[in-house]
Amino acid sequence: FMDFSTKDIRNVTIAGHGQTGKTTLLEHLLFVSGVIPKPETTDSGKTVSDYSSEEIERKISVYASLSHIEKNGKLINFWDTPGSADFVGEVISAFRSSEAATMLIDGRNGVQIETVKLWRDLDRRNKPRMIFINHAEDERTDVATIAKDVHDKFSVEVCQVTIPMNNSGKFEGVIDVLNGKAYFIPEDGKIETPVDIPAEYQDEYQNALGILAGSAAEGDDDLLVKFIDEGELTSEEIAYGLKIALKNNRIVPCFCANVTANSGLVPYLDFVAEIAPSPEEAIETATTKDGEIASVLVASTDVMSALVVKTSSDQFSGKLSYIKVVNGTLNADTEYWNIQDARKEKIGKIYRTVGKKLVEIKSASAGDICVAAKLPAAKTSTTLSSAQDCLPFVKLRHPYPIYSMAVSSDNKKDEDKMSELLAAAAEEDRTLTYKYNPETKQNVLSGMGELHLNILLDRLRKQNKLSISTTVPRVAYR
């Protein structure tokens, strides 16, 4: 396996409103990159990123899942995240460990409520983002109108990197404006290839190129001067300007596609590999002894430090810890300090993932995201380091639970087992709490919504053959 240096890594979260096609997008990106032989549908229950029984049964994403793609000598880690607000804790793990997000918009519906909420979260993090408009083939989709709507709603500069080729209303493929190539819809099950832009689309392309050059000029003062003087930039200058402008969160590149036809995917992947920000010099935050916030640059230093961004349990591999390496190189079979617990923790094997499939690696560079199995004490937000005096990274910021139910079981044995499992679930999912209320003598489970809690309880009932009943929590009147 290739070792990737920090500058050759890309970490991207695919986010968006529920049912916009995020899992399907990642499935087709994995297919066109040669990672999987054929893309599956979410209905089939066989997609790479929705592999838990609860996701297969409900046909929605419940957990953030990580897959990697190698493209143009770059390593791209993609998080597929749930669209339902009930699972926002999963999105937070993905956003925290990514240098960029791709906001997926269903062209038939445009910007939706979760798009807005996720956008605000990205704003709070000052995180670069792209928009990806799906269903460009649908007559209800107007790519230019959606791009304008994003510009108006969020006051951002949207620049179209790919534009649709519409031949009297029929979608034929996309034009990669940055590289000056056309990509027609490929034959079934094939991958799109670049061709020269047909004469009938030249005007649209030239117009889009001028706008893209203007956006690129935002990235660099010298380019801006040249653009104002000469009215155009070379393709290298445009690429350079876009790279800086995107890293500084000054532009929002926009892509359009018909994902299930594998159209519009290759230019997006090329852009992520060549233009999207690498973790190099990205800023992570740590807490000093006085409780102040200190900035830590992602870099390949001698001292290794890393943050556990997500914890999950897998019935085959046991506990899995998703680790974002911030400094240095994380090596397999090595002891590191667990900074919060002030004790050493042995990391055994480490992996890259393609959904549930684990691919063993020897080490992970600064900026990479890897998975370690069966860490005894590490939890979400644990800092791991080769130095005992490493500052702990700021904990992931999870919202407070907003929905509660009282849970109980018919017999003492089940009740004890249920309490043990729910306490463990609340360790894993930081948007859950499980507490005993002495005033009402009830065990109260709280989370982000009814769906959130029902999915968890259904899983525990099935996996552990428990009888768990739920009621509305009693209120203690004082």
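Positions are given from 1 along the sequence. Since we're looking at a predicted model, the values are computed, not measured.
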(request) Answer yes when D121 and R96 have at least one side-chain N-carboxylate O distance shorter than 4.0 Å, and no when they do not. (result) no

(request) Not counting sequence neighbours, which residues clear side chain to side chain contact (heavy atoms under 4.5 Å, CB included) with V325? List them please. (result) M304, L330, A364

(message) Using the ring pair (Phe, Tyr, Trp, His ring centres under 6.0 Å) definition, which of the options F95, Y63, Y322 pairs with W79?
(response) Y322

(request) Answer yes or no: is there an ion pair linking K310 with E90, defined by an N-O contact shorter than 4.0 Å? (result) yes

(request) Could you list the residues that satisfy ring-ring contact (aromatic ring centres under 6.0 Å, His included) with Y205, not counting sequence neighbours? (result) none

(message) Using the side-chain hydrogen bond (donor to acceptor under 3.5 Å, both in side chains) criterion, which residues pair with S65? Sequence neighbours excluded.
(response) none

Pairs of donor and acceptor atoms involving the side chains of residues 447-456, under 3.5 Å and at least two apart or interchain, shall be tabulated with distances.
| residue | atom | partner | partner atom | Å |
| --- | --- | --- | --- | --- |
| H452 | ND1 | M448 | N | 2.9 |
| H452 | NE2 | D429 | OD2 | 2.7 |
| N454 | ND2 | E450 | O | 3.4 |

(message) Between K127 and T13, is there a side-chain heavy-atom distance shorter than 4.5 Å?
(response) no

(message) Quick check on side-chain contact (heavy atoms from CB on, under 4.5 Å): which of V296, L297, D302, V303 does N327 satisfy it with?
(response) V296

(request) Not counting sequence neighbours, which residues clear side-chain hydrogen bond (donor to acceptor under 3.5 Å, both in side chains) with K117? List them please. (result) E114

(message) Taking the side chain as everything from C-beta on, heavy atoms only, tell me whether I191 gets closer than 4.5 Å to F31.
(response) yes

Pair up each side-chain donor or acceptor in residues 177-187 with any protein partner under 3.5 Å, not counting sequence neighbours, and list the distances.
| residue | atom | partner | partner atom | Å |
| --- | --- | --- | --- | --- |
| N179 | ND2 | D176 | OD2 | 2.9 |
| K181 | NZ | D196 | OD1 | 3.1 |

(message) Under 4.0 Å between a side-chain nitrogen and a carboxylate oxygen: does that hold for E40 and K38?
(response) yes

(request) Give a yes or no on whether the backbone of S97 and the side-chain of K324 come within a donor-acceptor separation of less than 3.5 Å. (result) yes

(request) State, yes or no, whether a side-chain contact exists between K74 and E274 at a heavy-atom distance under 4.5 Å. (result) yes

